[in-house]
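What follows is a single structure, written as structure tokens, with notes after it.
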Amino acid sequence: MGTALLYDEEMTKYKLLWVDAACKIEVPERLIVSYEALVRSGLSDRCISIPAREASDSEILLVHSELYLEAVKKTPYMTLEDLKEFTLQFGDVYFHPNIYHCAKLASGSALQLVDSVMTGKVRNGIALVRPPGHHSMHSAANGFCVFNNVAIAARYAKQKYGVKRVLIVDWDIHHGQGVQYCFEDDPSVLYFSWHRYEHQNFWPNLRESDYDSVGKESGAGFNINVPWNNVGMENSDYLSVFCHVLLPVAYEFCPDLVLVCAGFDSAIGDPEGEMCATPDIFAHLTHLLMNLAGGKLCAVLEGGYNLTSLAQSVCQTVQTLLGDPLPQLANLRGPCKSAVESLQCARSAHRRYWSFLKHATDPPMTDISTKHIKSAMEEEEKTEMAEEERCTEGKVWPEPPERLCPPVCSASVLPDDVACPDGLKRLSSSKDLEPLLVSKLKNRFRTAAVDGDGVTTFSRLYTLIEKLVANEIRNGLVLVPDVAAVMMCVVQDLTSDLVKRVLVVCVGKEKELDYVTTDGKVLVVQISSEDSEEQRSKYYIPVCLKKGCSDTSGFIQAVLGLLLPLGYEYNPDLVLLVRMPGSGVVDSMWQQLIGLLQGFAKGHTLVLMQVNEKACMGSTASALLGHPAPPLQDLQTPFPEDGDALERLRERLQADWKMLQTTS
Ligand SMILES: CC(O)(O)NCCCCNCCCN
Ligand SMILES: [Zn+2]
């Protein structure tokens, strides 16, 4: 299934008609440059174009009052003076004779997107709209917003499609207070927002935007705010919050639909956000949400005021929605102190509501009252920072790298008597290995893995790895008689001169991996049921689950809170996913893991499985081909021992691996 793109140039036909410093950044060109960038890059042609439509009164009334709707209805007929007068009652927003029409198109576009996804016409999609929506409230326009497009879409999805749980992720740099007010007492809609806050010194300066607003009454726990109290946040900060706050809760919530308040003012160069995350971060943020809700994801444009970073960020988002390989994110060096504080506060505020956050530790007690009164030093520091940051217009960043689709998505190396799963391309051609390499393999392993037939397997395997590295193939599936033995060969002999860094993810354990690098060429993360007394180097990380890999709750927690952050920091060129025989890993978990690992190494994942497990080749192939993984249904509360062990592991490793930091 494809990706929907909604855009109608009618929504460019309103603008600010008077002088207002607060509103001058919200210009029609925002939509024009975004759409043109999609056209120029050929991405729009790869999307399924869905027409915009006007939201009806009843749809708008799902969120807004009749009083407000009737008032807005009058604006097309107002004189300039009346429009100015009418605008005065609201904050940081402006009206125009055509904005009512455009606001109905913006909300209607979001509803068209929901229809396309919920009816299975498309897998996911994006609506490029203006005016934005997430600040508008029951009876008020605010922050350039007139109708709350995403809030209306959430209510519409529940009403029309009986959607039980909706996740709204708001990565715009402003707090979508309109969305928070709409759903704060509603446990069926989980609202997550990060936003520039600076201890309530940034617009909209609301006390209720802080991390302690967790929702009300039955909605307690279903509102997550992560305030950024400094500017200059980077890719590491954003990914840390996804891995340690949003994703554990999102997986536990298990939504039927994901809506994204896709504001791109959180990107570098934006005058509002003054952050430093690069446009390619949105490729990863989108990817990390795409295995939820069976891939049903609707992104709706909110903010974004630097026309260059906005266009690039939109393209990065759409390319991921289309399933293209992800760009590698370089030098992620962990969250800054302020970000760690924010994510720790958010985690501890929600510890009581989410079993996946149960082991979150409390932030060091600072007297909350003094939080708002900054020390002179901090003020001084901020001014310096602000000084340096103020030149956001002067900010430069590299154009995101090309994300080329290899000609072959998934290849397989299988014993001749095993049928190739649908969609995979069997690799049979292979050049003979260097005699030196063959003898190395032979004298290293006398097991069946390397008899006459084995050498064929190895030469095919070597060829496959060469093609992965050359980006001729995206990923691969290999079936061998002896997984453990072949893994050693791959790690020691077949990759050494082909790749710089290999991330080995071992699911299950058969025996001690007697191969541990110290030079960092290989990072092994082994998830199994047994603890290993093994001396642990920085590059061999055993994760012990009380009930082993069959315990999906423990498994997904280890993946989200440990494997993902490690993988981002390590930034491998190849991922070797090894399924040890008898691991007991659940199929949906296995597919989720393959899906999430696609975020690394431009999607170059090599799955190594034992021939006697060929029954799960079908689901493995499906995940490798980019089909969304099935949701992890009714996750049990993780075992306390596992939660504790994971927390201890993070604490012990965070000195070496900064992305594991969750406590200041
Ligand atoms: C959709 C949105 O979240 O991007 N709206 C942002 C509104 C910002 C209002 N304040 C502007 C002050 C100008 N420096
Ligand atoms: Zn914004």
Side-chain angles (χ1 to χ4, degrees), residues 406-421 423-507 510 513 515 517 521-522 524 572-581 594 597 600-614 616-617 620-621 624:
V408 172
C409 180
S410 306
S412 67
V413 171
L414 310 166
D416 297 342
D417 62 343
V418 176
C420 184
L424 266 57
K425 183 176 180 303
R426 190 184 208 113
L427 199 75
S428 47
S429 70
S430 65
K431 67 185 187 197
D432 293 340
L433 291 182
E434 303 292 321
L436 178 71
L437 185 53
V438 173
S439 64
K440 232 186 186 181
L441 291 169
K442 278 190 177 300
N443 67 34
R444 196 190 292 278
F445 294 96
R446 307 204 183 294
T447 66
V450 209
D451 63 19
D453 176 58
V455 173
T456 313
T457 303
F458 275 117
S459 54
R460 286 176 184 165
L461 193 45
Y462 191 78
T463 307
L464 173 52
I465 296 169
E466 275 183 329
K467 290 178 181 297
L468 289 177
V469 172
N471 213 32
E472 290 169 32
I473 295 175
R474 186 192 294 210
N475 54 46
L477 165 62
V478 180
L479 234 56
V480 291
D482 177 345
V483 164
V486 172
M487 178 181 78
M488 287 301 143
C489 290
V490 173
V491 166
Q492 276 157 297
D493 306 316
L494 299 189
T495 52
S496 48
D497 57 346
L498 286 174
V499 290
K500 289 195 294 291
R501 291 184 302 280
V502 183
L503 167 64
V504 179
V505 181
C506 249
V507 173
E510 195 174 61
L513 299 177
Y515 177 81
T517 55
K521 276 186 62 63
V522 179
V524 179
D573 309 293
L574 175 70
V575 175
L576 179 63
L577 173 58
V578 183
R579 181 178 175 133
M580 290 298 187
I594 293 174
L597 288 173
F600 303 126
K602 299 190 189 103
H604 296 322
T605 303
L606 186 56
V607 177
L608 200 51
M609 288 171 27
Q610 192 108 331
V611 177
N612 61 13
E613 300 218 302
K614 63 174 186 274
C616 54
M617 265 202 314
T620 305
L624 287 172

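The chain is numbered in sequence order, starting from 1.
- Within 6.0 Å of CD in Glu472 there are more than 12 heavy atoms belonging to other residues, nucleotides or ligands.
- A donor-acceptor distance shorter than 3.5 angstrom exists from the side chain of Asp573 to the backbone of Arg501, with no hydrogens or angles considered.
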Discussion item. Quick one, Phe458 with Val486, criterion side chain to side chain contact (heavy atoms under 4.5 Å, CB included). Give me CA distance, side-chain angles, the key distance, then yes/no.
Written reply: CA-CA 8 Å; Phe458 275 117; Val486 172; 4.1 Å; yes
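- Panel note: side chain Arg460, backbone Ser428; a donor-acceptor pair is recorded below 3.5 Å.
- Atom NZ in Lys614 sits 10.0 Å away from atom CG in Leu414 (nearest 0.5 Å).
- Checked by atom type and distance alone, the side chain of Glu613 never pairs as donor or acceptor with a backbone atom of Pro581 at under 3.5 Å.
- With values rounded to the nearest 0.5 angstrom, Leu597 atom CG is found 10.0 Å from Leu624 atom CG.
- Val504 approaches Met487 most closely through the heavy-atom pair CG1-SD, 4.0 Å.
- Formation of a donor-acceptor pair under 3.5 Å by the Lys521 side chain with backbone atoms of Val499 is found in this model.
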Practice prompt. Report the C-alpha distance between Leu424 and Met617 in whole Å, list the side-chain angles of each, state the deciding distance to 0.1 Å, and finish with yes or no for side chain to side chain contact (heavy atoms under 4.5 Å, CB included).
Written response: CA-CA 10 Å; Leu424 266 57; Met617 265 202 314; over 6 Å; no
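- Note that CG of Asp482 is 11.5 Å distant from OG1 of Thr457, once rounded to the nearest 0.5 Å.
- Of all heavy-atom pairs spanning Leu468 and Gly476, the tightest one is CD2-N, 4.4 Å.
- Separating the NZ atom in Lys425 from the OG atom in Ser412 is a distance of 9.0 Å, to the nearest 0.5 Å.
- When atom types are taken as modelled, the side chain of His604 and the backbone of Asn475 share no donor-acceptor pair closer than 3.5 angstrom.
- Atom CG in Leu477 sits 8.0 Å away from atom SG in Cys420 (nearest 0.5 Å).
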Practice prompt. Dump the intermediate steps for side chain to side chain contact (heavy atoms under 4.5 Å, CB included) on Leu606 and Leu461, then the final yes or no.
Written response: CA-CA 10 Å; Leu606 186 56; Leu461 193 45; 4.1 Å; yes
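- Looking only at side-chain heavy atoms (C-beta outward), Val483 and Met580 come within less than 4.5 Å of each other.
- Taken to the nearest 0.5 Å, the CG atom of Leu436 stands 8.0 Å off from the CD atom of Glu434.
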